[in-house]
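Report on the following structure.
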Amino acid sequence: MTLELRCGDVVTGCEGVVTGGTQDEVLAAAAVHAADVHGLTTIDADTHAALTAAIRPT
Ligand SMILES: [Zn+2]
């Protein structure tokens with residue numbers, strides 16, 4: 001199973017999509033994306049919850 005997280009579900013207007021085989025992989029990829037694209041070097045608890053909630057199976 002592949003999981004995906006559409007960044008636009010969390011950050012309005014972002015076209016980024018990250019995928020992974022597990023929730024942890026998706027969150028790790030999302031952290032890299034957030035740092036690279038959004039300059040977000042730390043993921044706080046609220047953001048982590050929002051990201052987790054936005055993960056969907058493809
Ligand atoms: Zn993004």
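Counting convention: from 1, in listed order, for ligands and their atoms alike. For the numbers below, each heavy atom of this structure counts, side chains included, while hydrogens, waters and symmetry mates do not.
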Neighbouring protein N, O or S atoms of the Zn ion (ligand 1) [cut-off: under 2.8 Å, no waters]: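 As for protein N, O or S atoms lying under 2.8 Å from the Zn ion (ligand 1), they are C7 SG, C14 SG, H33 NE2, H38 NE2.
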When you measure from the side chain of T52 to the backbone N and O of H48, does any donor-acceptor pair fall under 3.5 Å?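 Confirmed, T52 side chain pairs with H48 backbone.
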Over all heavy atoms of both residues, which pair between A54 and V10 is shortest? Give the atoms and the distance, please.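 Reported closest heavy-atom pair: CB-CG2, 3.8 Å.
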If Ile, Leu, Val, Met, Phe, Trp and Tyr residues are connected whenever their side-chain heavy atoms lie under 4.5 Å apart, and connections chain through other members, are L40 and V17 in the same group?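 No; V17 is not reachable from L40 via cluster members.
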Side chain proximity check, T58 to L3, heavy atoms < 4.5 angstrom: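 No - every pair of side-chain heavy atoms lies 4.5 Å or more apart.
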Side-chain donor/acceptor pairs under 3.5 Å, residues 19-34, sequence neighbours excluded:
from: T22; atom 1: OG1; to: E25; atom 2: N; distance (Å): 3.1
from: E25; atom 1: OE1; to: G21; atom 2: N; distance (Å): 2.7
from: H33; atom 1: NE2; to: H38; atom 2: NE2; distance (Å): 3.3

